[in-house]
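Structure record follows, encoded as structure tokens.
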Amino acid sequence: MERMPYRDDLRLQLQQVAVATTTQQTVVATDWKQGLPTLRAGQVVLRELRTSDAASLFALLTTEEVARFISPPPSTVEGFERFISWTLRQRAAGTYACFAVTVVGYDTAIGIFQVRETEPGFGTAEWGFAIGSEFWGTGVFQDGAALVLDFAFDTIGVHRLEARAAVKNGRGNGALLKLGATQECLLRKSFLKNGEYLDQVLYGMIDTDWRGSRAIAAASSPIVH
Ligand SMILES: CC(C)(COP(=O)(O)OP(=O)(O)OC[C@H]1O[C@@H](n2cnc3c(N)ncnc32)[C@H](O)[C@@H]1OP(=O)(O)O)[C@@H](O)C(=O)NCCC(=O)NCCS
């Protein structure tokens, strides 16, 4: 999914996970390799994936409009189950994290955020995301993305976070620009989709960029006495 190095044909043993929870927007100090924390901002709750999320993710992320500009998602519920097992193994290995997106009061997974290291030690990483189209334009992406950026930079310790968006992917580009990601270059004909090589934009975000924009947002938010 979303250019992440998942292969549906890989079968390794599923490892047990322990989930630490918090209801605060601030990312908690936790050993995320043992289990992803549960994170909340506004109406959005991010948590570790479970095998039982496969059905809703299959229903929501395999539609034409969602899958149009991303690597082909698994084509069956069982394929999503194997994908979820793979995400847990990669998280335990410390090379990757994948959050389920849910909303408060409904534990159903409506999308995912993925972060993977692109060099050993997670100094640089790439992220990707997909959310069911019923939830587009609702603020779910923005709140979830802020949580994932805090997690990547503050908890994992990522220094530089990259994203790729097909030039034709208007919402994907719009969403990244709204977060303050910088368009760094054009990757010509870099993504094969349905037999056609698409141009992609490479976006970069540095830890100091994100902390700076977070500090500005905090300073401009109204003080409640
Ligand atoms: C990418 C995704 C998670 C973003 O979530 P979302 O809820 O659609 O994002 P938002 O509505 O917060 O932001 C999208 C922005 O792009 C804007 N936008 C929409 N179409 C656009 C276009 N053709 N050109 C430029 N901007 C566009 C929207 O108006 C919105 O900005 P606004 O809030 O200022 O109006 C979601 O669209 C998705 O799951 N897409 C399919 C999967 C995918 O493509 N993932 C890879 C992304 S690189």
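First listed ligand is number 1; within each ligand, the first listed atom is number 1. All values below were derived from every heavy atom in this structure, side-chain atoms included, with hydrogens, water molecules and symmetry-related copies excluded.
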Measuring from [atom], which candidate in [options] has the nearest non-hydrogen atom?
{"atom": "atom 7 (O) of ligand 1", "options": "Ala130, Gly144, Gly137", "result": "Gly137"}
{"atom": "atom 42 (C) of ligand 1", "options": "Thr138, Val66, Leu61", "result": "Val66"}
{"atom": "atom 4 (C) of ligand 1", "options": "Gly111, Ala145, Ala175", "result": "Ala175"}
{"atom": "atom 16 (O) of ligand 1", "options": "Gly174, Ser71, Ala67", "result": "Gly174"}
{"atom": "atom 40 (N) of ligand 1", "options": "Phe129, Trp136, Phe69, Tyr203", "result": "Trp136"}
{"atom": "atom 26 (N) of ligand 1", "options": "Gly132, Ala163, Gly170, Ala166", "result": "Gly170"}

query = Gln142 heavy atoms, cut-off 4.0 Å: which ligand 1 atoms fall inside?
reply = 12 (O)
request  = Enumerate the atoms of ligand 1 whose separation from the nearest heavy atom of Lys178 is less than 4.0 angstrom.
outcome  = 10 (P), 12 (O), 13 (O), 31 (O), 32 (P), 33 (O), 34 (O)
query = What part of Arg171, side chain from CB on, backbone N/CA/C/O, both or neither, has a heavy atom under 4.0 Å from ligand 1?
reply = both
inquiry  = Counting only heavy atoms closer than 4.0 Å, does ligand 1 sit against the backbone of Phe141, its side chain, both, or neither?
reply    = side chain
Between [X] and [Y], does the ring centroid distance fall short of 6.0 Å?
{"X": "Phe129", "Y": "Phe141", "answer": "yes"}
{"X": "Trp32", "Y": "Phe122", "answer": "yes"}
{"X": "Phe69", "Y": "Phe191", "answer": "no"}

task = Compare every heavy atom of Ala163 with every heavy atom of Leu176, then report the nearest pair and how far apart it is.
result = CD2-CB, 3.9 Å
inquiry  = What I'd like to find out is whether the side chain of Leu36 reaches to under 4.5 Å of the side chain of Phe151, using heavy atoms alone.
reply    = yes
message = Check Arg47 with Asp107, please: is the shortest side-chain N to carboxylate O separation under 4.0 Å?
response = yes
ask   = Is Asn169 in polar range of ligand 1, meaning some N or O pair under 3.5 Å apart?
value = yes
message = Does ligand 1 come near enough to Arg164 that some N or O of the ligand is less than 3.5 Å from an N or O of the residue?
response = no
ask   = Just one of Leu179, Leu177, Thr182 clears the side chain to side chain contact (heavy atoms under 4.5 Å, CB included) bar with Tyr203, so which one?
value = Leu177
query = With a 4.0 Å cut-off on heavy atoms, is Asn173 touching ligand 1?
reply = no
request  = Hey, can you tell me if Phe113 and Trp127 have their rings parallel, tilted or perpendicular (30° and 60° cut-offs)?
outcome  = parallel
remark   = Rounding to 0.5 Å, atoms NZ (Lys178) and CG (Asn173) come to a distance of 13.0 Å
